[in-house]
Amino acid sequence: MKHRRKVKLHPLVKALLVLVVVFAGVRLISLQLQINELQQQCEELDKEIARKEQANEDLKESLDEGVTDEAMAKIARDVLGYASPGERIFIDSSQQ
């Protein structure tokens, strides 16, 4: 019967192996946290893309419809500050 001889490692080699394993574990945890953060950012960007695509579709629909009287009145009120005859406009100065 053959006896296997136990290989004894030098204490420095053991310490070095422990340090390598600990470093690898810490690095893996750090990388997993980065992956989770990037996945969350990716999901947020996907939602933003969906919102922008919906806004583009809305704009395309409004272009296809053409300029209506309601749209012109809204632009006149909101952008140019016009009012209909007899209409009073109140400006809330607390929001400025």
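In what follows, residues are counted from 1 in the order of the sequence shown. Below, each value reflects all heavy atoms present in this structure, side chains not excepted, and no hydrogens, waters or symmetry copies. As the structure is a computational prediction, the values presented were derived from the model and not from experiment.
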#### Entry: Non-neighbouring partners of Asp78 that pass salt bridge (Lys or Arg N to Asp or Glu O under 4.0 Å), sequence neighbours left out
Lys74
### Query
Given a cutoff of under 4.5 Å between side-chain heavy atoms of I, L, V, M, F, W and Y, with clusters grown through shared members, what are the other residues clustered with Ile29?
Leu33
### Residues which pass side-chain contact (heavy atoms from CB on, under 4.5 Å) with Ala83, listed by chain and number, not counting sequence neighbours
Glu87, Ile89
### Message
Per the side-chain hydrogen bond (donor to acceptor under 3.5 Å, both in side chains) rule, what does the pair list look like for residues 25-35, sequence neighbours excluded?
### Response
Gln32-Asn36
### Query
What closest approach, in Å, do Leu59 and Ser62 show between heavy atoms, and which atom pair accounts for it?
O-OG, 2.8 Å
### side-chain contact (heavy atoms from CB on, under 4.5 Å) against Val26, all qualifying residues, sequence neighbours excluded
Val22
### Task
Tell me, please, which residues at least two apart from Leu63 pass side-chain contact (heavy atoms from CB on, under 4.5 Å).
none
### Pairing residues for Gln54 by the side chain to side chain donor-acceptor pair (under 3.5 Å) criterion, not counting sequence neighbours
Asp58
Hey, can you pull the donor-acceptor pairs under 3.5 Å for the side chains in residues 38-50, sequence neighbours left out?
from  : atom 1 : to    : atom 2 : distance (Å)
Glu48 : OE1    : Arg51 : NE     : 3.4
Glu48 : OE1    : Arg51 : NH2    : 2.4

Below 3.5 Å, can you tabulate the donor-acceptor pairs from side chains in residues 8-21 to any protein atom, sequence neighbours excluded?
from  : atom 1 : to    : atom 2 : distance (Å)
His10 : ND1    : Leu12 : N      : 3.1

### Message
If the condition is side chain to side chain donor-acceptor pair (under 3.5 Å), which residues does Glu37 pass it with, not counting sequence neighbours?
### Response
none
### Task
List for me each residue that meets side chain to side chain donor-acceptor pair (under 3.5 Å) alongside Asn56, sequence neighbours excluded, and say none if there are none.
none
